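Comments concern the structure below.
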There are 2 protein chains.
Amino acid sequence: MDTNRKRILIADDEPDIIEIIQYNLKQEGYEVFSAKDGDEALVRAKELKPDLVILDIMMPKRNGVEVCRIMRTQTAFENTLIIFLTALSDESSQIKGLDTGADDYISKPISPKVLVSRVNALFRRHKQEDNGGVLVFDQLSIDPQQYMVKVDGRDVTLAKKEFELLYLLASKPGRVFLRNEILNQVWGNDVIVGDRTIDVHIRKVRQKLGMDCITTVKGVGYKFDI
Amino acid sequence: MDTNRKRILIADDEPDIIEIIQYNLKQEGYEVFSAKDGDEALVRAKELKPDLVILDIMMPKRNGVEVCRIMRTQTAFENTLIIFLTALSDESSQIKGLDTGADDYISKPISPKVLVSRVNALFRRHKQEDNGGVLVFDQLSIDPQQYMVKVDGRDVTLAKKEFELLYLLASKPGRVFLRNEILNQVWGNDVIVGDRTIDVHIRKVRQKLGMDCITTVKGVGYKFDI
DNA sequence: CCGGTCTATTAAGAAATTGTGAACTTACCG
DNA sequence: CGGTAAGTTCACAATTTCTTAATAGACCGG
C-alpha cells in the first residue's frame, strides 16, 4: 500500500547525483522526489510532506544548511528526517550539519551501498522512537497494530469493539468521553445502537483486563485512569 | 568456540594505527588480526576468512584499492565487508575506494568512537541483508527465493498464493494484516476476488504447515504468531 | 425512606464473520 | 487432447461477536 511507503525528497543541483540516488532508493521501495535548489526544496517539502529530505550542502538559491534550519523551525517538519550531502569530509562541516538539526550526513562521492544502508538505518531508528501508536502504561500496553493488550506481561485478547473502545479511552487518559463521542468514534456516526450496548462492552473490557482502569462518570460518560 | 565472534583484519603500514584500531575493536569483542602491507593482507585474508577487512589506501606492495579490487573478484570474499582508511586530504582516493566496492570508509585521523560505531553499524546492516529475505523462526523457515518452507526440518511445498500469503504475514510477526492489505499485497490492488478466497488459502497454509501459527482476528484480519 | 435517574450485570438470541468441503474454472504441460 | 495442480467460488456449518431486554443495584435530593 502506498500509504506505507516512505517518501524521500532529494535536493541537489547536479542531475547526475539526483539520478543515482533516485535510482537506488527507488530500488529499495521508497517513493522519491527531487528538487534542484534550496527554494524548490522548501516548496516541494511543504506539498509532499516527505519522511526524509536529503539536502546537498552546496546548492543555488538557498544552501542545505539554510533549508534545514528553516524546516526545523516549522512544526510540520518536526518528524521529518534530514540527511546532508557534503563534499567536504572534514569534521567541522559534519558537526555544523548535525548542529543544525540534521539526522545524518553522507559524504560525496556517493556509494549506493552506503547511501541505502544509512537511509534504511535512519528509518529503522526513527521507527523505534515512534512505536506505531502503541500506548504504554505501567502495567498495561495497548498495541493497535496487533489488536493486542498486555496486562502485567500477560496477553489479553479483546474483540474488535472492545479493543477500539479501550484504545479510544486510553488514547487520552483522564479525559472523560461522552457516550455520544464513544458511539461516534467506535460505532460510527450513523450506526444506531442502544445506550446499554456501551455498558456491556465496558464491562467486558473491565472483566478481561482484570484491573480497574475505566472509571464511570455518572450522567456523562467514561474515562481511562491509571 | 569463537565461531560467533566476528573476525576483522586490519591492513596498514603504520603500527600506531594498527595498535589503536586493534585495541578498540578488541574491546568491542571482535577478533582482530593485522597485516602490514597489501600482499600480506591478501594472504592473511585467504587463510583467516575475516568478516571485515579494514584497508589503508596507502600501503606498500599493493595499495588498498588494489587489494579491494582483487578481493571483489573472488567469490570467497563476496560476503566480506571492506572499509577503507583514507587520509583527510585525499578526496580522489575516496572516489576510487567506493567505486571499487568498499562498504564504507573512515577518514584519518581516526576517532575510536567513529571507528567502533561504523564497524558495528556495518555488521548490523549486513546481518539484516545477508540472508536474502529468508525468514527464520524456531520450527519454521521461509525462503522466498526458492518458494520453500521448512517445518521442523521437513520440507513443505506451498503453491504461489499460499506462499505469498504466509510470507506476507510472517514478514511482520504479531502484526495484524487487514483483509484488504492482504488482498492488495498478495492479489494486487485491482484484482477482485471473493471474500472466502483468503480464508480458503489460509486454511491450506495452516493445513500444510501442520502447525498453528496463523491467528484469526475476527472482524480485522489475520496475523502470524509463533 | 422514596422515587427518579442512571449504571451494572446477566443471559439469550441476532448478526456478523470465519471455517469447510465440494464443485467449478483456469492454466499449464507433455 | 487429457491429466494435473492451482485458484476461485459457493452453500452451509461453526464460531464469535454484538445487541438487546430484563432485572438488579447504585446514587441523589427531598
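Not measured: the values here are computed from a predicted model. We name chains A, B, ... by the order of the sequence lines, and we start the count at 1 in each one. Computation of the quantities below employed the complete heavy-atom set of this structure, encompassing side-chain atoms and omitting hydrogens, waters and symmetry-equivalent molecules.
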Check your understanding: Mapping B:Thr157 and A:Ala159 onto DNA chain D by nearest heavy atom, which one lands closer to the 5' end?
Key -> B:Thr157
[X] side chain near [Y] side chain, heavy-atom distance below 4.5 Å:
| X | Y | result |
| --- | --- | --- |
| A:Lys208 | A:Val149 | no |
| A:Leu9 | A:Arg7 | no |
| B:Ile202 | B:Asp199 | no |

Return the value, rounded to whole Å, for the distance between atom [atom1] of [X] and atom [atom2] of [N].
| X | N | atom1 | atom2 | value |
| --- | --- | --- | --- | --- |
| B:Ile198 | D:dT8 | CD1 | P | 10 Å |
| A:Asp212 | C:dA8 | CG | P | 11 Å |
| A:Lys218 | C:dT5 | NZ | P | 12 Å |
| A:Gln207 | D:dT17 | CD | P | 13 Å |
| B:Asp199 | D:dA14 | CG | C1' | 13 Å |
| B:Arg196 | C:dA22 | CZ | C1' | 16 Å |
| B:His201 | C:dT20 | NE2 | P | 15 Å |
| A:Trp187 | D:dT20 | CH2 | C1' | 13 Å |

Hey, is the side chain of [X] poking within less than 4.0 Å of OP1 or OP2 on [N], counting only N and O atoms?
| X | N | value |
| --- | --- | --- |
| B:Arg206 | C:dG19 | yes |
| B:Thr216 | C:dG19 | yes |
| A:Tyr222 | C:dC6 | no |

When all nucleic acid strands are considered with a 4.0 Å heavy-atom cut-off, which category describes [X]: base, sugar-phosphate, or nothing?
| X | value |
| --- | --- |
| A:Lys161 | sugar-phosphate |
| B:Phe163 | nothing |
| B:Thr197 | base |

Review point. Relative to the 5' end of DNA chain C, which residue comes earlier, A:Lys160 or A:Ile202, by the nucleotide with the nearest heavy atom?
Key: A:Ile202
Check your understanding: Out of B:Phe177, B:Tyr167, B:Phe137, which residue meets the ring pair (Phe, Tyr, Trp, His ring centres under 6.0 Å) rule with B:Phe224?
Key -> B:Phe137
Study note, to complete from the structure: With the side chain defined as heavy atoms from C-beta on, B:Arg203 is closest, among C:dT10, D:dA22, C:dG21, to C:dG21
Review point. Does the side chain of A:Gln22 come under 3.5 Å of the side chain of A:Tyr30 through a donor N or O and an acceptor N or O?
Key: no
